[in-house]
Amino acid sequence: MDPLTWPLILAKMAVQFLPVWIALGLTFALSWHYRRRLGLYGKLFASSVGMIGFAIVMFWVFTALFADLIATHDPLAQLSGMKNALPGTPVKGAEGTWYLLGGDNLARDVFSRMVMGARRVLIIAPAATVIAFMVGITLGLPAGYFGGKIDTGLSFIANLVLAFPVILLFYLLVTPEIRVTGIPTILAAVLFLFPVIFVAVLLNSRYFTNPARRNLYVGASLALGLWAYSGLAFNRDPTGLWSMDPNMLNVFVSVVFVNAPTVFRIVRGIVLDLKSRDYVAAGQTRGEGPWYIMLWEILPNARGPLIVDFCLRIGYTTILLGTLGFFGLGVSPESADWGSTIDDGRRLLAIYPHPAVVPALALMSLVLGLNLLADGLREESMRD
Amino acid sequence: MLFFILRRSGVMLLTALALTFIVFFMTNLTPNLEKLAKSEASVRMSDDQVASWLDSHGFTRPLLARYGEWLGVVPGWTHTDASGRVTGRCIAPDRTTEAAPARCGVLQGEWGQSTVFKRPVSEILARSLGHTGWLMLWVMLVMVPTALLIGVLSGMREGTTTDRVLSTFAIATTATPEYVSGVILIVLFGSATAGISPILAEWGWISGRTLFQGTATSAMDKITFWNFGLPVITIALYGIGYIARMTRASMTEVMTQQYIRTARLKGVSFGQIIVKHALRNALIAPFTVIMLQFPWLLNGVVIVETLFNYKGFGWTLVQAASNNDIQMLLACSVVAVLVVLVTQLISDIGYVFLNPRIRLS
Amino acid sequence: MTEWDPSQPILEIENLSISFFTRLREIPAVMDFSCTVMAGESMGLVGESGCGKSTVALAVMRDLGRNGRITGGSIRFKGRDLTHMSDRDLRHIRGSEIAMIYQEPMASLNPAMRVGEQLAEVPMIHRNMGHADAMALARQIISDVRLPDPDRILRAYPHQLSGGQQQRIVIAMALMARPALLILDEPTTALDVTVEAGIVDLVKDLGAKYGTSMLFISHNLGLILDVCDRLCVMYSGEAVETGNVAQVFDRMRHPYTQALFRSIPLPGANKNDRPLIAIPGNFPLPHERPKGCNFGPRCDYFLKGRCDAAAVPMALLPDQLRHETRCLRWGEIDWAAPPKVGRVTEKLAPGRLVLKLEDLRKYYAVSSGAFGGGAEQVVKANESLSFEARENETLAIVGESGCGKSTLAKVLMGLETATDGQIMLFDENVQDTPIQARNPDMVSKLQMVFQNPFDTLNPSMTVGRQIIRALEIFRQGTSDADRVERMLTLLDMVKLPRAFADRMPRQLSGGQKQRVGIARAFAGGAKIVVADEPVSALDVSVQAAVADLLMDIQRENHTTLLFISHDLSIVRYLSDRVMVMYLGHVVELGTTDQVFSPPYHPYTEALLSAVPIADTRVKKRRIVLEGDIPSAMNPPPGCPFQTRCRWKTQVPGGLCERELPPVKVMADGHQIKCHLSDDLLQGMEPVITIAAE
């Protein structure tokens, strides 16, 4: 069989992505139809920049979702004769299959590895960003609202973490030796507690006037939260439903740790601005507790900038994960992680560019999509 | 003002102490020390041998005491082995036991011995900082003017085609981390098989096989456009996007201010409005951002120096970190922290001086 | 430039139409607007927010932004059409022939440029003047606008000047090139009344001195009467009535003008027997204007089939005074007929004592300096306040910025605790009890209505939800359903449709939001309500309705109302007793009649004189205070008012500069804090007199 030409490679890739095209089409058709009723999300469809960004992001989300359908080969399988194969090389011995984007120096399919790599990134990055936001919000609200000693102390710690060069921090935090000492578990125990506290305080401040309902809601959320907490942080979930690979936990915790202080600073800044509003004073003169005011009066009105930053931050987390992979930290050598694939590929970059360029472009397009989405959201949310 | 600097210096000192202690703590965790012992002495040591090696090298003293030793406020350890030979922290090959000072830490100007490079830390650090200094200088020279120009041009008339094109460029560069842009740039300009180099070589436009060099190793001796171009652009690109977006945001905000309208209605021409009225106000915010970019550049420096094999500070940091070279790592973190804190201080002071509203109110 | 005949109009706007273009639609902002300004004449443009008056001004400057466009008509300045002028020619006119002054002085000045440079720039551009000459001219103009120490001011940055000084600089900048036409867009709205009076005087004098024509834009009819010769009333993008000021004020020929005058509290109006008449309905949105007369749906004289048939043209009245009206029925309406009096209500007798303050003090410690260093300073926000309030009573607290009225509200509410003194609320001492420590019953009985309607409601919660939350926190209602029912009743009480419960605050107008704020305050059956400038951010026609709503609820609930305001007109209209504050001190306290008639505290006297009154019958003595209000950080020694007091020389021995005056009890319950002798106080003349009709 002859190697494929570039137009054919592109055509075959387009066919492989069929499930993604269908899902994208459906999403856009539905969203466009109901855009008037969907608030900020609906308004996104008025901005071309935002729409392009959203399309790119959703492309990768669906790719991660349907990765098993899209990948042409096992991302870990090393096929003989395919070492550093050029894009479009037919697989020897298997009629009608190709390495669409070539093979890497271990003779694995670059295309399938890229598709599978999306899955890892799109699980860790958004989840880590969510936890980082919970931590940043739970600490940033009181720092901005109360000020004083709480603010000074928390800001000092945040600045301390921010003053660390990220890579040094990663080298110190994400090593097999550190895992032995249990420091990642301790960090996880601290950081994962915040979402539980956040939800419990959120519900309590809202429903404390009605104790029966409060007990139900807070109790249920605590039960669920602590269950997940025991599994994720300590790997002690009796049912085994919640668990995290220690390698993954290590990476996850470090990424949260790096992101949380920035979120803290953003939230603190917004609170300082919003706390002088009359509706906050109205809440105070009504005798509301500080946490109700922070969580129900201030936080919902900070959502615009926070949503925008959330998108940017997922992108930034993706970059951080890539950096970790690039330095070979916290990833198994087999992993299809984009960052480590780039690192593997760069050694032969001058001769065989494709193993490094493919994941590089993938990572860039995802982050670009997130940035464009954030830009669109910012523009549209300011139009009110 | 003096009070402010004093207070800030105090906070800086506290931060530096806290950070170096954290680094010290993390690098001195038992597993790390065991790894160090094995790599220094012998990989096939038994656990007992490791323990005695650690003991004879002063690693079994309390953590705080060892941190004090490193700082130079606690006398350095000494160890007398079975043969009666005295070794110690401050007893260097070229110093006799008697001549050795009691304390030898950072305060005495002694940064210790690098276990990876087998040289004094200060020597390695000075050399690598020199290399990185040149890199940073060129990055700044390329990045700051370009970013400000892009930001001002796109911000002064919001929503025009110029704005859209420049903004998209800025967004694209912020979406491209150094390890991605570096790879792409090398492929485009520094690869003998891909990008534009083969074509240029075929046409006979370039004498070598590639247009730019894919490594910057030769730049350590002599910097040329061809060996330094790619690393500088790689670092600068990521920063350009960020600073340009900040400048644009600041510029668009200034352009909607009442005083710009006042100037317009005074009959000031558009060019004069930009130069005399808008720029100074619009550059206040980006100034802070540029100063705070230094720590970010440090990140880029680490990646780019690794990617282009340029033995500067970042490369040294990576070598030290991946081999748990404690003394080297501590020195690197001191430098990194100082860079971060000093730039923060400069940005705060600069902000106040640029902004007359704060200075005198 | 071609010669221009000074007997011709300096500015002639004919059938001007302006639209703003959004992605969805074209929004007409101004339609078929015509007006003429002669040389030396000052023309007032008056109307409520959104009527298009500022848009007209910006169109004259040809500065409508990217979305705004002139869609028809012409603007001729000295005979030249501005609508088709090139950018280059426009630049020559802007700043040199036409200058503009607008509302926020601080925002109009470049914060990073010295005042002198900003002033000198004008002649340097327009007259090719050298830098030194330009600075000399700037120095001269600064003394023209009566600013002290011109050399210091030339070197100062804008933020180093007070609001009043900044506005004088903006005026100076406008005058640098001796323009033929000056456009002033709400030039004093951001300033305190006593400062405003000084600026208004200055503008009038300078206009006369330089012979400048003026286009004066304001929502305040009283100011227009003070400053202008002619007036144009705008409504919803159209001019509805134009004429001489006296003519329009006394012989208005448009129903909107009439309704406007009936809705503002003029002397003589009274909440019990001569209540204000609010204009029913709402201002139409620009893209939802009715067919025919824009004011039709809200007009008492509306005739179906006639007023809504076709666009109404301007009609010239036959009085030879260039008086025009956009009303088809101007000839048929009996303009002299007295307004239908709504309902006369009984004045409520004050009930039991509910609030008593004794010698209350509130000090704050603040640090100064840009770098957080510097000595700690004490701000004495409230000094020895003593007063009491009874059930059914409206006590007005009057004062300008920095007088401590907002701090007083905070201390009362428990957001801050008092430094010293006592607050007796019902039967409890609460001066040391912060709001968290007060029980829900106490909290619900003392509530607050806030000033800014755009800020008072949480933008991301429905109206109903916000009221229900108040009910929950006040422990009102037994079940969710009960609370929903109570919430709907509260909406009824503030005369809002029940459907509003599901609306978000941004879907409501300013007045409607303020009503929701009132409903929320009364959710727990409040007995004392602190209303912090509840109507000052609202349009005049809405002010009346909201003020009357407050009065109605007060009558029903026997509420004590603490009405904080700087607007003496509305205070005179609705309060029973008045407390005047200056720099943290109560300088005068008494019944409304006592405070509004002599003897006055010198500050009250100046305040009364400064408030513009839109009534041609009112004659005022003009008392203009020198300088600005001192900072509360650095109050003057002795009497707080001594730096600006015109009576100071009447007190022997410099007592005012040394000692805080004692409280003098003049008549029953009338207190004045002043060193002036009783004779002098008793001999004061009234500031306001109403000419007999």
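- Of all heavy-atom pairs spanning A:A163 and B:L341, the tightest one is CB-CD2, 4.5 Å.
- Looking at B:I22, the atoms closer than 4.5 Å to chain A (heavy atoms on both sides) all sit in the side chain, from C-beta outward.
- Highest contact tally toward chain B, considering only A:I319, A:V367, A:L368, is held by A:I319 [criterion: heavy-atom pairs under 4.5 Å].
- Between the CZ atom of A:F164 and the OG atom of B:S333 there is a distance of 6.5 Å, given to the nearest 0.5 Å.
- Contacts with chain A were tallied for B:L298, B:T174, B:I184, B:T27; B:T174 has the most, counting heavy-atom pairs under 4.5 Å.
- Using a 4.5 Å cut-off between heavy atoms, B:L19 touches chain A through backbone and side chain atoms alike.
- A distance-only check finds no donor-acceptor pair linking the side chain of B:Y179 to the backbone of A:G339 [under 3.5 Å].
- Contact between A:R346 and B:T306 at its shortest, heavy atoms only, is NH1-O, 3.6 Å.
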Derivation of the side-chain contact (heavy atoms from CB on, under 4.5 Å) call for B:F25 and A:I183
CA-CA 11 Å; B:F25 171 74; A:I183 287 180; 4.0 Å; yes
Set out, in order, the CA-CA distance, both residues' side-chain angles and the distance that settles side-chain contact (heavy atoms from CB on, under 4.5 Å) for A:N371 and B:R245, then state yes or no.
CA-CA 12 Å; A:N371 284 9; B:R245 289 178 79 184; 4.1 Å; yes
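- How far CG of B:L317 is from OH of A:Y171: 8.0 Å, rounded to the nearest 0.5 Å.
- If you measure heavy-atom distances from A:L169 to chain B, you find no contacts under 4.5 Å at all.
- Remark: the B:T15 side chain and the A:N159 side chain contain no N/O donor-acceptor pair separated by less than 3.5 Å.
- With values rounded to the nearest 0.5 angstrom, B:L329 atom CG is found 6.0 Å from A:L168 atom CG.
- For A:A360 against B:V180, the heavy-atom pair with the smallest separation is O-CG1, 3.5 Å.
- For the atom pair CD1 of A:I167 and SG of B:C332, the computed distance is 12.0 Å after rounding to the nearest 0.5 Å.
- For B:I303, the parts sitting under 4.5 Å from any heavy atom of chain A are the backbone and the side chain alike.
- For B:V339, no part lies near chain A; criterion is any non-hydrogen pair under 4.5 Å.
- Across all non-hydrogen atoms, the minimal contact from A:L173 to B:M26 is CD2-CE, 3.7 Å.
- Looking at B:N299 and A:T323, their side chains never come closer than 4.5 Å, going by heavy atoms from C-beta outward.
- For the atom pair CG of A:D375 and CD1 of B:I171, the computed distance is 3.5 Å after rounding to the nearest 0.5 Å.
- By number of non-hydrogen pairs under 4.5 angstrom with chain A, the leading residue of B:E34, B:Q344, B:E178, B:K35 is B:K35.
- For the pair B:V340/A:L162, no side-chain contact is recorded, criterion being any heavy-atom separation below 4.5 Å from C-beta on.
- With a 4.5 angstrom heavy-atom cutoff, B:T30 does not touch chain A via any of its atoms.
- In the displayed structure, A:R120 atom CZ is contacted under 6.0 Å by more than 12 heavy atoms of other residues, nucleotides or ligands.
- Of the two parts of A:S365, neither the backbone nor the side chain holds a non-hydrogen atom closer than 4.5 Å to a non-hydrogen atom of chain B.
- Top candidate by heavy-atom pairs under 4.5 Å with chain B, chosen from A:L361, A:V180, A:L312, A:T181, is A:T181.
- Contact between B:A18 and A:L160 at its shortest, heavy atoms only, is CB-CD1, 3.8 Å.
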